[in-house]
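Residue numbers run from 1 in the order of the sequence given.
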Amino acid sequence: MSEPTPEQEGPAAEPQDAISLTPSRRQLLMGGAAAASAIVSIRPALANTAASVLNCTIPVPDQGRAGNYIAPSGQLVPAGTQGAFPGTGRSFTGEQVKQAMRGRPLPGTSYEQNQAYLNYIRRLQRGTSGFTCYASLQMPR
């Protein structure tokens, strides 16, 4: 038996193992379609996540500590502490906090109150109301 000439070589001349490892055009197209479908379904989910982050709320302070004041450093102190500010009695949205971190004041606050409230928000820890909202604002988009 003679060796195949270069003109005769092709898919029929390759060993069976090499053929099965090479993806067919159909397999590549199906993989591309699956990837495109994943992108189409992930984009709306990311958009919904971004919208929900901006609509989440951060109470200042949380309801469990509503009787406390907020010191300029952001720490909670007993009510009536000189130089500290009473809590807002309301929550700020993620969008309001995001804008405040870029230099805009939180609604209804003086410059000093704004700084104290932002310091309080920056000090939020896991398990505190508003922490998840604040943490999600920190995530890069």
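Among all heavy-atom pairs drawn from Pro61 and Gly87, the shortest one is CD-CA, 3.5 Å. Ile58 approaches Gly130 most closely through the heavy-atom pair CG1-O, 3.7 Å. A pairwise comparison of heavy atoms in Gly94 and Cys133 identifies CA-SG, 4.0 Å as the closest pair. Across all their heavy atoms, Tyr134 and Leu124 have their closest contact at CB-CD1, 4.2 Å.
Using a 4.5 Å cut-off on side-chain heavy atoms (C-beta onward), Gln115 and Tyr120 make no contact. Under the 4.5 Å side-chain criterion, counting only non-hydrogen atoms from C-beta, Phe92 is in contact with Pro107. In this structure the side chain of Ser73 never reaches within 4.5 angstrom of the side chain of Asn119, judged on heavy atoms. When side chains are defined from C-beta on, Asn114 counts as touching Leu118, because their heavy atoms get closer than 4.5 Å. You'll find the side chain of Gln75 stays beyond 4.5 Å of the side chain of Ile70, heavy atoms only.
There is no side-chain donor-acceptor pair under 3.5 Å between Arg65 and Asn68.
The aromatic rings of Tyr117 and Phe85 sit perpendicular, their planes meeting at an angle over 60°, well past the 30° parallel limit.
Screening residues 80-91 for side chain to side chain donor-acceptor pair (under 3.5 Å) gives Arg90-Gln96 as the qualifying pairs, with residues at least two apart or on separate chains.
Within 6.0 Å of atom CZ in Arg104, 12 or fewer heavy atoms from other residues, nucleotides or ligands are found, so the atom counts as exposed in its surroundings.
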